[in-house]
Enquirer: 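Structure below; questions to follow.
Throughout, numbering of the chain's residues begins at 1 and tracks the sequence. Since this is a predicted model, take the numbers as computed values, not measurements. When a ligand or atom number is given, it counts from 1 through the structure's own listing order. Below, all heavy atoms of this structure are taken into account, side chains as well, without hydrogens, waters or symmetry copies.
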Amino acid sequence: MSTVVAETTTPSEPTLREGAFGHAKGLSCRECGHEVELGPHYACPECFGPLEIAYDFPQVTREEIEAGPANIWRYKALLPVPSDIEQSPNMEPGFTRLLRANNLGRELGIDNLWVKDDSTNPTNSFKDRVVACALSAATEFHAKVFACPSTGNLANAVAAAGARAGIKTVVFIPSNLEKPKQVNSAVYTDSLIAVNGNYDDVNKLASEIAGEEDGWAFVNVNVRPYYAEGSKTLGYEIAEQLGWRLPDQIVIPVASGSQLTKVDKAFQELIKLGLVEDKPYKVYGAQAEGCSPVSVAYKAGVDAIRPVKPDTIAKSLAIGNPADGIYVLDICRRTGGAVEDITDDQVREAIVLLARTEGIFTETAGGTTVGVLKKLVETGQLDTSLETVVINTGHGLKTLDAVADSVGPAATIDPSYAAFAATGLA
Ligand SMILES: Cc1ncc(COP(=O)(O)O)c(C=O)c1O
Ligand SMILES: [Zn+2]
C-alpha cells in the first residue's frame, strides 16, 4: 500500500453533520473487514489495509434515479454524499454519452461495441467524477486546502472544482508532464507544484505533507475512500444507458486501478439492489507496456505486484506502484477477463483508429484502452460475439504531441483549383 502512512491524518477531528455522507454507514477494511467510523481515515487500524465505504442502502428505484439530474448526483443515494449535494457549488460531472461504435466494431470484428465517452466531462476526463465526491467529503471535514498528487487529469479536476467551490487548491504533478495538462491546471489555480520525480515520488511527498499539515484534504490520499466511490457512477451510467442491463464485457484503463475496481463494485451493487438482472460479465484491464505492473503480474499468474519505473507516452496511466493493483488482478481473474498491455506505437495507432472510426479524439489513456481492446481480439482473449463496452477516460487535446507527428495536412497547396486537382483528392 504505497499511499498509506497512517490510519488518520488531516483534516482531523471534525464534527460531522447529520446525513453528511448519505447512506454510508462506516468504513470497512478491504483486507480484514474491520469496521471504522466515518471520518478522514483511509487505512485500517488493525492491518493497515485500505478502507472503503460501507452502506446501508435504502430501496432505490430506477424511476427515482431517472427523475434525477443529468449528472452523477442522480445516483446520490448510492454515494457518500448528503441529500442536498446538488445545492453546493460543484462541476456537475457525469451522464456522459454511451455511443454505439459500429465502425470501430466492424474494424475490430466485434459485433456489438459501445464507447463510454468520458472525455466530455467538465475538465475532459473521468476524474471530475471522483473529485466531486472528494470535494463533498473535504467540505464535510472542514478542510481548508483541497489537494492531490496527480498524473495530470486529477490535478485539472481538483483545481477546477476547488475554484468553483471557493476552496484553496494545491496540486502536485511530475515536472515532465505534458504542457496542456500543466496549463489545464494552472489556469484554475496559482498553486500548481511541479515535482522533479515520477508520480510515485509525487504521491509519497503528498502522503508526507498530509501527515504534517493540518486541514489538508488530499483527494486520493487521506479522503481516498470517499473519492474512489465517484468512479462507481461510470458503472451505474453504463447500465442505465444500456436500458438497465449490464454489458457482457468491459475494457477499462488501469493506473492505480481504482476506477476498474469501482466499476465492478457498481455492477455488484446494482445486482444486489435489484436494479439490473444478475448475470456474468467480464472485466478487462488496459495498461501501456512501459508501465504495466498489473499486466505483468496477471500474465505471470502471480498475486504480488512488482513496482516499476514508468516509461511510456501514456503518462496519465504512469503509476508504477498501483494502490489497487491486487484488486484489479482479483476482479479480472474472477470475472474471466484479463489484463493486457500494448506498446507506445500501438497507443498512437489506436488514438487515430478511434478518431477515424468514431469521431472521438482520445488521449493516450484512451489510446491504451482501445489498443488493448484490439490486441485482446487479435490474441483471442475476447469473445467478439459478446456485447462489449470500452471506456474513453480522457481527451486527446491534452496529449496532442502523441499524434502530432503521425497526422497532419495531406498537402500544402497554393489557393488554385489546379493545385488542388494535383493532389489527387478531387
Ligand atoms: C485519463 C485517465 N484514465 C484512466 C486513469 C486511471 O485511473 P485509476 O488510477 O483509477 O486506475 C487515469 C488516472 O490518472 C486517467 O487520468
Ligand atoms: Zn484491516
Side-chain angles (χ1 to χ4, degrees), residues 1-4 7 27-36 41-52 116-119 121 123-131 134 148-158 171 173-174 177-178 181 184-185 199-200 202-203 219-220 224 227-232 234-235 251-265 283 285-288 291 293-295 310 314-325 327-328 331 339 347 351 362-370 372 390-399 402:
M1 275 303 308
S2 63
T3 53
V4 173
E7 176 220 335
L27 296 159
S28 140
C29 174
R30 276 158 93 178
E31 286 299 316
C32 76
H34 181 76
E35 298 209 345
V36 177
H41 319 299
Y42 59 100
C44 175
E46 296 292 317
C47 74
F48 282 92
L51 296 173
E52 74 171 343
K116 177 62 174 169
D117 184 14
D118 239 28
S119 68
N121 271 309
T123 69
N124 303 106
S125 86
F126 88 100
K127 294 290 185 182
D128 290 313
R129 298 174 184 271
V130 276
V131 167
C148 68
S150 171
T151 58
N153 284 307
L154 181 59
N156 300 170
V158 164
V171 296
I173 54 164
L177 216 56
E178 301 96 334
K181 286 209 178 121
N184 267 295
S185 288
Y199 173 80
D200 299 284
V202 181
N203 189 35
V219 302
N220 49 344
R224 188 173 179 88
Y227 151 95
E229 291 293 288
S231 282
K232 290 193 308 182
L234 266 164
V251 189
I252 307 173
V254 172
S256 75
S258 175
Q259 178 188 176
L260 184 145
T261 67
K262 294 300 173 179
V263 169
D264 176 63
K265 189 180 183 195
V283 181
Q287 297 208 295
C291 183
V294 188
S295 167
K315 292 185 197 288
S316 54
L317 300 182
I319 297 183
N321 188 10
D324 289 293
Y327 304 111
V328 168
I331 290 165
V339 190
V347 172
I351 292 173
T362 186
E363 70 143 86
T364 46
T368 302
T369 318
V370 171
V372 161
V390 61
I391 303 185
N392 171 31
T393 49
H395 205 293
L397 287 174
K398 292 193 195 182
T399 60

Enquirer: Go through the side-chain N and O atoms of Lys398 and Asn153 and say whether any donor and acceptor fall under 3.5 Å apart.
Expert: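 Indeed, the side chains of Lys398 and Asn153 share at least one donor-acceptor pair under 3.5 Å.
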
Enquirer: Answer side chain, backbone, both or neither: which part of Ser316 comes under 4.0 Å from ligand 1, heavy atoms only.
Expert: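 Both backbone and side chain of Ser316 come within 4.0 Å of ligand 1.
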
Enquirer: Considering Ile391, Asn153, Asp118 one by one, which has a heavy atom nearer to atom 16 (O) of ligand 1 than any of the others?
Expert: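 The option holding the nearest heavy atom is Asn153.
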
Enquirer: For ligand 1, which atoms have a heavy atom of Thr151 less than 4.0 angstrom away?
Expert: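 So the atoms of ligand 1 that pass are 14 (O).
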
Enquirer: Angle at the Zn ion (ligand 2), SG of Cys32 to SG of Cys47, rounded to 10 degrees, please.
Expert: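 Between SG of Cys32 and SG of Cys47, at the Zn ion (ligand 2), the angle is about 120°.
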
Enquirer: Quick check: do Ile319 and Thr151 have side-chain heavy atoms less than 4.5 Å from each other?
Expert: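 Sidechains of Thr151 and Ile319: in contact.
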
Enquirer: Measure from atom 6 (C) of ligand 1 to every heavy atom in Gly325, Ala255, Ala318 and give the option owning the shortest one.
Expert: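 Shortest heavy-atom distance from atom 6 (C) of ligand 1: Ala255.
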
Enquirer: Among Leu234, Val254, Asp324, which one satisfies side-chain contact (heavy atoms from CB on, under 4.5 Å) with Leu260?
Expert: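 When Leu234, Val254, Asp324 are each tested with Leu260, the side-chain contact (heavy atoms from CB on, under 4.5 Å) holds only for Val254.
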
Enquirer: Quick check on the Zn ion (ligand 2): does His34 put an N/O/S atom closer than 2.8 Å to it?
Expert: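 Short answer: no, not a single N, O or S atom is under the cut-off.
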
Enquirer: Please state which option from Leu317, Thr393, Thr399 has its nearest heavy atom closest to atom 5 (C) of ligand 1.
Expert: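 Result: the heavy atom closest to atom 5 (C) of ligand 1 is in Leu317.
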
Enquirer: Among Lys127, Lys398, Gln259, which one puts a heavy atom closest to atom 10 (O) of ligand 1?
Expert: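 Selected option, by shortest heavy-atom distance: Gln259.
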
Enquirer: Spell out, as yes or no, whether a donor-acceptor pair under 3.5 Å connects the side chain of Glu363 to the backbone of Gly394.
Expert: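 No; zero donor-acceptor contacts below 3.5 Å.
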
Enquirer: For atom 9 (O) of ligand 1, which protein heavy atom lies nearest, and how many Å away is it?
Expert: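 Here the closest protein heavy atom is Ser256 OG, 2.7 Å.
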
Enquirer: We want to know whether Gln259 and Thr393 form a side-chain donor-acceptor pair, criterion being a heavy-atom distance below 3.5 angstrom.
Expert: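 Side-chain D/A pair, Gln259 to Thr393: absent.
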
